[in-house]
Undergrad: 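I'd like to ask you about the structure that follows.
Here the structure is a predicted model, which means the values were calculated and not measured.
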Amino acid sequence: MLTLKKIPWFSLTLVLLSYSTLGWMIFEEKAHWYIWLLTVVTILLSLICFTNPWLKLNEYVSIFFKSSARAFGVAILAAFLFFLMVAWFRAFLDILLILCATILARIDLQTLALKPALAFGCISFFAVAGLALGAFIKLYI
């Protein structure tokens, strides 16, 4: 019972609700099954990035800045992504909400000193359950 009190229910509920809005929007668009599959794979890959230690991520990022041509390409890509952010501001805010809720849950689980694999499993369960919950709510409402 003591373990259940330590679980960050508030942040995991935020993860569940934010991903349920994503599931609601995807179901509302009447997306095909491969869009759902691509969404779940993208969610799991992004959660792997959140649970991966930052030192390994730093090694991968440093590859992009080893030469001036690569740094220029990254700057052009960043400018294009900024343009997309402004053009699709509503979608950007939804994605930002999902990322913030996921990061909050990751920080809360990290303060509990959970192993990264267990934190990944917990957050991914709530994320995929929220995605399905949003689709089912939209289906029955």
Undergrad: Any salt bridge (charged side-chain N to carboxylate O under 4.0 Å, His left out) involving residues 115-134? Give me the pairs, sequence neighbours left out, ordered by first then second residue.
TA: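 Pairs touching residues 115-134 that pass the test: none.
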Undergrad: Look up atom CG in L47 and atom CZ in R106, then write down how far apart they are to the nearest 0.5 Å.
TA: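 So the CG of L47 and the CZ of R106 are separated by 10.5 Å.
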Undergrad: Applying salt bridge (charged side-chain N to carboxylate O under 4.0 Å, His left out) as the test, list every pair that has at least one member in residues 31-49; sequence neighbours left out.
TA: none
Undergrad: Are W36 and V40 packed together at the side-chain level, in the sense that at least one heavy-atom pair is separated by less than 4.5 angstrom?
TA: no
Undergrad: With sequence neighbours left out, write down each residue that passes side-chain contact (heavy atoms from CB on, under 4.5 Å) with I76, or none if nothing qualifies.
TA: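 Applying side-chain contact (heavy atoms from CB on, under 4.5 Å) to I76 gives F72.
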Undergrad: Please list all pairs passing the salt bridge (charged side-chain N to carboxylate O under 4.0 Å, His left out) test where one or both residues lie in residues 9-27, with sequence neighbours left out.
TA: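 Those involving residues 9-27 do not exist here.
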Undergrad: Out of curiosity, S20 OG to I137 CD1, how far, rounded to the nearest 0.5 Å?
TA: 6.0 Å
Undergrad: If you round to the nearest 0.5 Å, how far is CG of L131 from OG1 of T39?
TA: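 Answer for the OG1-CG pair, T39 versus L131, is 6.5 Å.
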Undergrad: Taking only residues at least two apart or on different chains, which pairs with a member in residues 34-43 satisfy salt bridge (charged side-chain N to carboxylate O under 4.0 Å, His left out)?
TA: none
Undergrad: Tell me whether L12 is reachable from I107 by hopping between hydrophobic residues (I, L, V, M, F, W, Y) whose side-chain heavy atoms are closer than 4.5 Å.
TA: yes
Undergrad: Can you name the side-chain contact (heavy atoms from CB on, under 4.5 Å) partners of F136, sequence neighbours left out?
TA: A132, L139, Y140
Undergrad: Sequence neighbours left out, cut at 3.5 Å: what donor-acceptor pairs do the side chains of residues 92-105 make with other protein atoms?
TA:
| unit_1 | atom_1 | unit_2 | atom_2 | d |
| --- | --- | --- | --- | --- |
| D94 | OD1 | R90 | NH1 | 3.4 |
| T102 | OG1 | Y19 | OH | 3.2 |
| T102 | OG1 | I98 | O | 2.8 |

Undergrad: Only counting residues at least two apart or in another chain, list the ones meeting side-chain hydrogen bond (donor to acceptor under 3.5 Å, both in side chains) with S18.
TA: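 For S18 there are no side-chain hydrogen bond (donor to acceptor under 3.5 Å, both in side chains) partners, ignoring immediate neighbours.
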Undergrad: Only distances under 3.5 Å count here; give the side-chain donor-acceptor pairs of residues 116-126 to other protein atoms, sequence neighbours excluded, each with its distance to 0.1 Å.
TA:
| unit_1 | atom_1 | unit_2 | atom_2 | d |
| --- | --- | --- | --- | --- |
| S124 | OG | F120 | O | 2.7 |
| S124 | OG | G121 | O | 3.1 |

Undergrad: Cluster question for you: counting only ILVMFWY and a side-chain heavy-atom cut-off of under 4.5 Å, with indirect links fine, are L17 and M25 together?
TA: no
Undergrad: Tell me every residue that passes ring pair (Phe, Tyr, Trp, His ring centres under 6.0 Å) with F80, counting only those two or more places apart in sequence or in another chain.
TA: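 Not a single residue meets the ring pair (Phe, Tyr, Trp, His ring centres under 6.0 Å) criterion with F80.
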Undergrad: Under a single-linkage definition using a 4.5 Å side-chain heavy-atom cutoff for Ile, Leu, Val, Met, Phe, Trp and Tyr, are L109 and L14 assigned to the same hydrophobic cluster?
TA: no
Undergrad: Under the side-chain hydrogen bond (donor to acceptor under 3.5 Å, both in side chains) test, which residues partner S11, sequence neighbours left out?
TA: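 Per chain and number, S11 pairs via side-chain hydrogen bond (donor to acceptor under 3.5 Å, both in side chains) with D108.
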